[in-house]
Amino acid sequence: MHHDLRVMRRIVLPSLLGILIAVTVLPAQAVRWEPAHGPYGGRIAMMLGEPRSGGLYAATHGGGVFASIDGGGSWTQGTDGLDDYDVFSLALDSSGVLYAGTGTGGVFRSLNRGATWVRLAPSFGPLPVSRLVAAPGGMLYAATYGNGLYRSSDGGASWEAASTGLSNKFITALTTAYGQLYTGGTGGGVFGSADSGTSWTQLNTDLPRGGVNDIALGPDGALYAAVSGRGIFRSGDSGATWIGLNNGLTSPGVTSLAFSPSGYFFAGTTAGVYRSVNLGARWEPAVGSGATNPDILTLAVTDHGGLWAGSNGSGVYQSSDNGSTWEQRNAGINGADLLDVMCGANGLVFASTQGYAADYYSGVYRSSDQGDTWTPVNAGLTNLEIRNTMYDRAGVLYAASFGSGAYRSRDNGDRWTLLSSGIEGDQSEDANALMLDSAGRVYLGTLGGLFRLDTAAGRWANVNGNLLDTNIRALVCAPNGSIFVGAVRSISRSTDGGASWSHVVTFDRSSVFSLAAAPNGYIYAGAYAGGVYRSTDNGDTWTQVNNGLPDTNVNVVIANRSGHIFAAPGRKGVYRSTDNGANWEPAGDGIGASAVLCFAVNGTGRIFAGTLGGGVYRTAGTTVGVERRSTAAHAAALQVPTILRPGEMATIGYTLDAGCSVRLELFDALGARVCVVDDGMRETGTHHAMLNGAGLPPGCFWLRLTAGGAVATQRVVVLR
């Protein structure tokens, strides 16, 4: 019986069908974003413990505020209501209300431990709120970096300036002790106020010049100050005089101070954590094992979790033995800075992250489950500053390294080999971009020019030719095979694989950060101080297309297979255009005020976004509709055998009513691309391509023909 049913199915399905397909474009779908689950980490601006509940808070540069109720075992992101995810400072008042000071958005308040936020009026202009203090008695203080101090007696409902006598308005430290306020700033020393900020007195006797990064009250009642580049100083007379405490402190770059109930005094520095058991009379390193990033921005001591250190790029570290050993506690902290994201045709996703310690970068992470989990894949990488990754048509993976040229991996990143033979010239090893041309050749864009790989020899050849600007930031190959190079203030084009170049446009002020090619052949450039530029004539002319964009500092642009263009303007999330850039609309539901630095789109049309300080985001689903029928200006007919038997060769025919760039691709039922059947420029008339069924599993597939600006699709069934 089962055999008869299979025979009947074969009979009722036609074996060959010539189809005239009229193409229709479905309405653009709404775009929703969600954070991927890693790579975890980020720049931790401040950490704060809640004594009553044991809760813990971490403010990040770019990811908002994260809260933990299980001693750092897991973290929950709190950005609902925040319109600026760059958080500099935190404060808790006596009733448990949480306050956050942001980079440009002012002060926000949360009544539910950071789950939701409300902006407090007014903002303080586009200035960072560098420090917050909730003082006893209900007074709230907000220190700005550029306009001094403000205070509020009504929980932030109203504010007044509190900077009379405060000559240094760039405040980086603020604390209260014994009813007095103390501030420190960049180059202006320490100031004190005995009247809640109404007036200030400079307290600089014996204190060396330099920025004051932190001020803390010690268990002995003395004041301690961390002075940038000079170390740690103590005052036992409320700031009147100071003495240095730097014996054993080999790193003068002190960023933060903390005291523990067990008698330890800790200093966070740009070279790790130091500790003292005698209130700073002598210091010793407390970097311990497990702390891989030595650049520490903030310290916190809690009753429930011991010592916490927030790093400049690698998230949170915790020590329960006063700094002898450390453990990263980042589960849920999507705060990493992304240099690159890339989607492979094999379903893998790669992300390159960056740290900010000297020569410290996190390298490459790989995900095989669309960003749910990530694994570092850095074996063989001697330089972890990876700016771009890319597969070639043979499935070989390449990485552009800023400082070492290029690496290659034949096993999806498990092992890398340096591939820099032939890369010569000033700054030529500072690589930014990779590209595959229409012939499948690999290109590397560097600050010293453009190189093309001789795959057989494993050697790069310089293809700068008459290229006027070799400071390359972006590369793209158009559907017609033209290569475009984006440099600091210009774009150049080659139609012969880099043998010769045309300097197609120069910008007076704009710097090109990104290039993208749409399926219809339009080229887009994302630029700083220029927004989005578009060329509809293969680069001959360029037009600004910024209608609807809230910022003309565009970090990155990308096109999906429906021709929708996505752009990331400044710190404004994501915008989309469905009309070739003529108009833009917000498409950042869920990604909020993140600064997106890189995009990648997979075979199903799902987009991944790498952010500055917010980790990796992904769209909740595809960004393209399921294309069934469309009106084709170029693709007049597509002839496809709708049934294919295993191992069978099938002839695919299509007719063009005008010469154009053609791409014929096979996708599986989930929308992942299986292979490219035909690709290149084709003349008017009928053409044929061969589809090899060898290796195709049984099931439903879709053939898609993109011809100029038209798209036609047809289903193909592979039988058992």
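Just so it is clear, the values below take in all heavy atoms, side chains as well, and ignore hydrogens, waters and symmetry mates.
In this structure, a donor-acceptor pair under 3.5 Å is absent between the side chains of Thr102 and Arg119. Judged by distance alone, the side chains of Asp206 and Thr241 never bring a donor and an acceptor atom under 3.5 Å apart. Using modelled atom types and a 3.5 Å distance limit, the side chains of Tyr141 and Arg151 yield no donor-acceptor pair. Asn322 and Ser324 share no side-chain donor-acceptor pair at under 3.5 Å.
For Tyr145, the ring-ring contact (aromatic ring centres under 6.0 Å, His included) partners two or more places apart in sequence, or in a different chain, are Phe170.
For the pair Leu299 and Ala258, the tightest heavy-atom approach, listed with the atom from each and the gap, is CB-CB, 4.0 Å.
Checked against the 6.0 Å centroid threshold, Tyr40 and Trp374 do not count as a close aromatic pair. With ring centers used as reference points, Tyr85 lies 6.0 Å or more from His61.
Without hydrogens or angle criteria, Ser594 side chain to Ile591 main chain gives a donor-acceptor distance under 3.5 Å. Judged by distance alone, with hydrogens and angles left aside, the side-chain atoms of Ser110 form no donor-acceptor pair with the main-chain N or O of Trp117 at under 3.5 Å. Checked by atom type and distance alone, the side chain of Asn213 never pairs as donor or acceptor with a backbone atom of Ala173 at under 3.5 Å. A donor-acceptor pair is defined here as one N or O able to donate and one able to accept, closer than 3.5 Å; such a pair exists between the side chain of Asn383 and the backbone of Phe402. Here the side chain of Asp84 pairs a donor or acceptor atom with the backbone of Thr104 at under 3.5 angstrom. The backbone N or O of Val190 lies less than 3.5 Å from a partner atom in the side chain of Asn204, making a donor-acceptor pair. For the pair Ser276 (side chain) and Asn278 (backbone), a donor-acceptor distance under 3.5 Å is present. Distance alone, capped at 3.5 Å, places no donor-acceptor pair between the Arg43 side chain and the Leu297 backbone.
The one candidate from Thr255, Thr270, Asp295 that meets the side-chain hydrogen bond (donor to acceptor under 3.5 Å, both in side chains) condition with Asn312 is Asp295.
For CD1 of Ile69, the number of neighbouring non-hydrogen atoms (other residues, nucleotides, ligands) closer than 6.0 Å is 12 at most.
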